[in-house]
J.: 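What follows is a structure written as structure tokens; I'll ask about it next.
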Amino acid sequence: MFDHDVLIVGGGLAGSRAAVAIVQNEPGLKVGLISKVHPIRSHSVAAQGGMAATLKNVDTEDSWLAHAFDTVKGSDYLADQNAVEVLTRSAPDVIIDLEHLGVLFSRLEDGRIAQRPFGGHSYRRTCYAADKTGHAILHELVSNLFRYGTKVYLEWYVLQLIHEEGEVKGVVAYCIETGEIEVIRAKAVLFATGGYGRVYNTTSNDFASTGDGLCLTATAGLPLQDMEFVQFHPTGLYPVGVLISEAVRGEGAYLINDQGERFMANYSDSHNKMELSPRDITSRHIVQEVRAGRGIKRGPFVHLDVRHLGREKIISRIPFAREEGMRLLGIDCIDAPLPVRPTVHYSMGGIPTTVDCEVLGVDRKPIPGFFAAGECACVSVHGANRLGSNSLLECVVFGKRAGEKIGAYVQDRPMPTLEERPYVQEAEKLIKSLLNKKGTARIHDIRTALQDAMTEHCGIFRDQQSIQKGLQEVQKLKERYEKDLNLDDRGTIFNMELMAALELRSLFTVGEMILASALQRRESRGAHYRSDYQQRDDAQFLKHSLVYLSQDKTGIETNTCAVDLSLQTVDPERFMPQERKY
Amino acid sequence: MKVSVRIRRQASRESKPDYQTYSVECSEGNTILDVLNKIQWEQDGSLAYRRNCRNAICGSCAMRVNGRAVLTCQNLVGEELEDQTELLIQPLGNLPVIKDLVVDMTKFWNNLKKVDPYVSTASRQIPEKEFLQLPEQREKLQSAANCILCGACYSECNSAAVNDDFVGPHALAKAYRVMADNRDDRTKERIEQYNQSGGVWDCTRCFNCNEVCPVGVEPLDRISQIKQTILQQEKMEDSTALRHRRTMVELVKEDGWIDESKFGLKVVTDSGRDLKGLVSLIPLGTRMVVKGKMPWPWKFKPSAGKLEIKALINAVSQHLKDQGKI
Ligand SMILES: Cc1cc2nc3c(=O)[nH]c(=O)nc-3n(C[C@H](O)[C@H](O)[C@H](O)COP(=O)(O)OP(=O)(O)OC[C@H]3O[C@@H](n4cnc5c(N)ncnc54)[C@H](O)[C@@H]3O)c2cc1C
Ligand code: SF4
Ligand code: SF4
Ligand code: FES
């Protein structure tokens, strides 16, 4: 058994930022960071477009309240306004912190940090590093982990969250290289495990985004919140699904249908902002165009056209997008438009927390010893739909906040006591049972079937029938997994199939949670669009949804809780729920 | 089309390596990573390799394809098959294998740590707002900052292969990135640090890192920039190593080597730590050829000529003999 004052699970932006905050504020604490991929390989490294903050370097009339309003409106009023206040008020400071740490932001002529427009934001407030913002930030943060000598469990996979007697005491972890199983005990555990894009068949997310943290939390009997809100990014490169950054539309790209029209003009909720409308709206309209037979050559995609920006601007502002098109499709966007369709991009829902990143139980009380931040958490600043540039910001604001909070929290918390053996035995049993799977089904086939089912039955458009169908199919696939799975690799050295089998458990659990949440929300809001309930229904559903395993862990239960509307006292006119028009 | 893929397999650190050939249905536009995924998903789940973003940004998926390190999610089957009928996939070089195509990168990371890879502002007055950095100041850091720490350069580095102390091209590219950052306050210490054994002068200028880097870091050019900064240091006038280097530059200039070979001039001025150091490169070069494990630059396109390098090594040793130095 290993002991740490603080154990951080995940080395992306949220986890790394938290670790740096702890070592800077409380250098005496024994911090461990565990990650199934090297922290620098975490999904955060792929973030492109940027990070919002009202630095006012370009638009001097911008304000945190304007940022807060854009965020709340973008969320379709489901965001908790107290959390949005924390997010937007802290934003300028956390950007400056990063800059002082050495992050290479793009600059204005006078040397200050540059800021650009982004979908759903009413001012130019997105700070960026060309179109590799995540890379620029994560590399600097991880360098700082090196600098402070933080203990990193490299390529260790967390198998279980140890939650007993109402508190969290540590995790059970598996070393991917050697197959070693260890209990890691800690006074506080922070989950920063990222999203679950791999639940769907087309995603901008990396292979590691399998929602493990969410599954582990749910399996421990704790609730997940707002899981029905799955963000589809409108411009996934067709057919691969990798992201063409929103920055491309920020710079002025057009979305064009087969008739050569900028079709966003044809819809009432997008004719003002056109291509810069929020993601949920833009994604829906692309699918609507395709369904109406106006996809390019009647295919399942539309065109993203940047030719009018000119060679120079394309090369200097969006080089990565150009490179993606050339590398993956052989299309140079200077000469020809790029084929795009919506791709699963972000998880608005997740582990419910307070604004101090404390994880909330079914009874809405903080679970001692357990914290969450970043994409896996639902604090909730994104509500039903996240604005671009707000997620990196969330990771850094709440990562830092979690670090500060935990640093103080563990000072007077004793090391929890626990019995190691049963946990190790259970983990050994699990690994052994997987290694002994001798059925006929390949992991890839089951996984693909699951991803197809989720995409088909709980995608951009969904209704009661499709969701119920989805639940049935997931059930069948789970049985197939239990009874008929086969593994080729029965060893314990860097067994990728074993990892995939473990991750597939996560995909099942997260998929079911998404379906169950989608079923109970009989309205359309943000990214959740019910064809059978097309209106937003504030009277019944201006609420967060909660979903968790039943006491005996055989079924799934749902519940709701209130949305924080505290900014209404600051600015009642804007923060009172109203129709979302752009 | 059906492509034949030969993969180096190794069950564990201690096991003997072996080759296994798979036949994969794919298209020219597929990436090499797509091909590996297809093998793992459809044919043989026991194949191990690293990958994550599949978008050339996370740096997980570097491997040797047809004898040369590439990012497998970046290179296309069509390109790699150009003049071959088979794809050959091996793990990165210069690092121990854990299993199949997965290497132990501990040394790679430790070497990176050695250059203090973070911008230090400790002694500076921290402003309330951002430090100013003009676009042109930032621009000169861009190519180094592109590094995704994939290890491709390290895999092919001639110096890393034979010199245990050499920190490697990735670390020195990062070193340049932090040293040249106008916000960093440790320029002086860094110059001294990178001037030490294991630093910039241990690079043999084989050019491989520039050739293989998938994101245009051109580590060798960054190394040269550090060297220039070191050589420009007035305050280090007294160091013997530096004096030797200056003498060397003069020597070369007087003797008219410039005309003989531009490449020669660069090698001598840049990688000659001192005369002894330079001579030591000769047996090193020979050792590498004898061992037969080093990919010489002429394997790559575009290549520096084999004869040119040989002639250069001969010329250097001849010159030193004439001077009575060996
Ligand atoms: C292509 C792309 C572009 C984006 N661009 C932007 C943008 O421009 N602006 C913006 O605001 N947002 C953007 N986002 C969203 C943003 O990048 C993510 O939301 C954010 O990076 C998530 O960071 P994180 O720290 O929460 O998690 P991640 O970076 O996903 O890290 C998760 C970590 O958890 C670890 N982990 C997970 N499960 C386990 C386990 N079982 N055991 C051990 N370790 C585990 C992983 O190894 C990893 O280190 C983008 C997303 C994508 C996909
Ligand atoms: S310098 Fe290039 S090849 Fe070397 S690690 Fe960095 S990105 Fe990879
Ligand atoms: S040029 Fe220098 S650093 Fe680059 S690969 Fe050759 S020896 Fe290594
Ligand atoms: S998979 Fe990330 S760089 Fe290739």
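In what follows, chains carry the letters A, B, and so on, assigned in the order in which the sequence lines appear, proteins first and then strands, with residues in each chain numbered from 1.
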J.: Give a yes or no on this: more than 12 heavy atoms of other residues, nucleotides or ligands lie within 6.0 Å of atom CD of B:Glu42.
T.: yes

J.: Using heavy-atom distances under 4.5 Å, tell me whether A:Asn486 contacts chain B through its side chain, its backbone, both, or neither.
T.: neither

J.: Of all of A:Glu497, A:His139, A:Lys132, A:Arg147, which one pairs up most often with chain B through heavy atoms under 4.5 Å apart?
T.: A:Arg147

J.: With chain B, which of A:Asp97, A:Val142, A:Val103 has the greatest number of heavy-atom pairs at distances under 4.5 Å?
T.: A:Val103

J.: Can you tell me which portion of A:Phe320 sits under 4.5 Å from chain B's heavy atoms? Options are side chain, backbone, both or neither.
T.: side chain

J.: What is the distance from atom CD1 of A:Ile40 to atom CG of B:Leu112, rounded to the nearest 0.5 Å?
T.: 7.5 Å

J.: I'd like to know if the side chain of A:Arg112 and the backbone of B:Lys129 have a donor-acceptor N/O pair within less than 3.5 Å.
T.: no

J.: Can you tell me how far SG of B:Cys53 sits from CG of A:Leu243, rounded to the nearest 0.5 angstrom?
T.: 12.5 Å

J.: Below 4.5 Å, heavy-atom pairs only: which of B:Asn37, B:Ile148, B:Ile57, B:Val119 has the largest tally toward chain A?
T.: B:Ile57

J.: B:Ala11 versus chain A, heavy atoms under 4.5 Å apart: side chain, backbone, both or neither?
T.: backbone

J.: Kindly give the heavy-atom pair with the smallest separation between A:Ile493 and B:Ile98, and that separation in Å.
T.: CG2-O, 4.1 Å

J.: Minimum heavy-atom separation for B:Lys99 and A:Asn495, please, with both atom names.
T.: NZ-CA, 4.2 Å

J.: With distance as the sole test, does B:Arg138 use its side chain to make a donor-acceptor pair with the main-chain N or O of A:Gly111 at under 3.5 Å?
T.: no

J.: With a 4.5 angstrom heavy-atom cut-off, is it the side chain or the backbone of B:Leu149 that approaches chain A, or both, or neither?
T.: both

J.: Write down the atom of B:Val102, the atom of A:Phe494, and the distance for their closest heavy-atom approach.
T.: CG1-CE1, 3.6 Å

J.: Please report the interatomic distance CD(B:Gln133) to OG(A:Ser106), rounded to the nearest 0.5 Å.
T.: 10.0 Å

J.: If you tally heavy-atom pairs under 4.5 Å against chain A, which of B:Thr121, B:Leu132, B:Asn52, B:Leu134 wins?
T.: B:Asn52

J.: Heavy-atom distances under 4.5 Å only: say whether A:Ala129 touches chain B with side chain, backbone, both or neither.
T.: both

J.: For the CD atom on A:Glu109, are there more than 12 heavy atoms of other groups (residues, nucleotides or ligands in this structure) within a distance under 6.0 Å?
T.: no

J.: If we only count heavy atoms from C-beta on, is the A:Leu104 to B:Asp181 side-chain gap below 4.5 Å?
T.: yes

J.: I need the residue from A:Val37, A:Asp110, A:Val240, A:Ile113 with the largest number of non-hydrogen atom pairs under 4.5 Å to chain B.
T.: A:Ile113

J.: Considering only heavy atoms and a distance below 4.5 Å, find which of B:Arg13, B:Glu139, B:Glu136 pairs most often with chain A.
T.: B:Arg13

J.: So, taking the atom named CD in A:Glu99 and the one named CD1 in B:Ile126, what distance separates them when rounded to the nearest 0.5 Å?
T.: 9.0 Å

J.: For the CZ atom of A:Phe207 and the CZ atom of B:Arg54, what is their distance to the nearest 0.5 Å?
T.: 6.0 Å

J.: Is there a donor-acceptor pair under 3.5 Å between the side chain of B:Asn55 and the backbone N or O of A:Glu324?
T.: no

J.: Which heavy atom in B:Gln40 sits nearest to a heavy atom in A:Arg442, and how many Å separate them?
T.: O-NH2, 3.3 Å

J.: Is it true that A:Arg327 and B:Glu79 make a salt bridge, defined as a side-chain N closer than 4.0 Å to a carboxylate O?
T.: no

J.: Could you report the tightest heavy-atom contact between A:Arg41 and B:Ser60, atom names first, then the distance?
T.: CD-OG, 3.2 Å

J.: Heavy-atom distance under 4.5 Å to chain A: side chain of B:Arg183, backbone, both or neither?
T.: side chain

J.: Under a 4.5 Å heavy-atom cut-off, does chain B meet the side chain of A:Leu101, its backbone, both or neither?
T.: backbone

J.: Which heavy-atom pair separates A:Met496 from B:Leu47 by the least distance, and what is that distance?
T.: SD-O, 3.9 Å

J.: Heavy-atom cut-off 4.5 Å, strictly under: side chain, backbone, both or neither for B:Glu28 against chain A?
T.: neither

J.: Would you compute the distance between atom NE2 of A:His100 and atom CZ of B:Phe131 and round it to the nearest 0.5 angstrom?
T.: 5.0 Å

J.: Spell out, as yes or no, whether a donor-acceptor pair under 3.5 Å connects the side chain of A:His135 to the backbone of B:Cys58.
T.: no

J.: Would you please test A:Glu155 and B:Arg50 for side-chain contact (heavy atoms from CB on, under 4.5 Å) and show each step?
T.: CA-CA 11 Å; A:Glu155 298 183 322; B:Arg50 286 197 184 94; 2.6 Å; yes

J.: Fit a plane to each ring of B:Trp109 and A:Phe146, take the angle between them on a 0 to 90° scale, and name the class: parallel (under 30°), tilted (30 to 60°) or perpendicular (over 60°).
T.: tilted

J.: Tell me, side chain or backbone of A:Leu108 under 4.5 Å from chain B's heavy atoms, or both, or neither?
T.: backbone

J.: Taking 4.0 angstrom as the limit, do B:Glu130 and A:Arg107 come out as a salt bridge?
T.: no

J.: Which one wins on heavy-atom pair count under 4.5 Å against chain A: B:Pro135, B:Ser120, B:Pro117?
T.: B:Pro135

J.: Can you tell me which of A:Arg447, A:Glu323, A:His43 forms the most heavy-atom pairs within a distance under 4.5 Å of chain B?
T.: A:Arg447

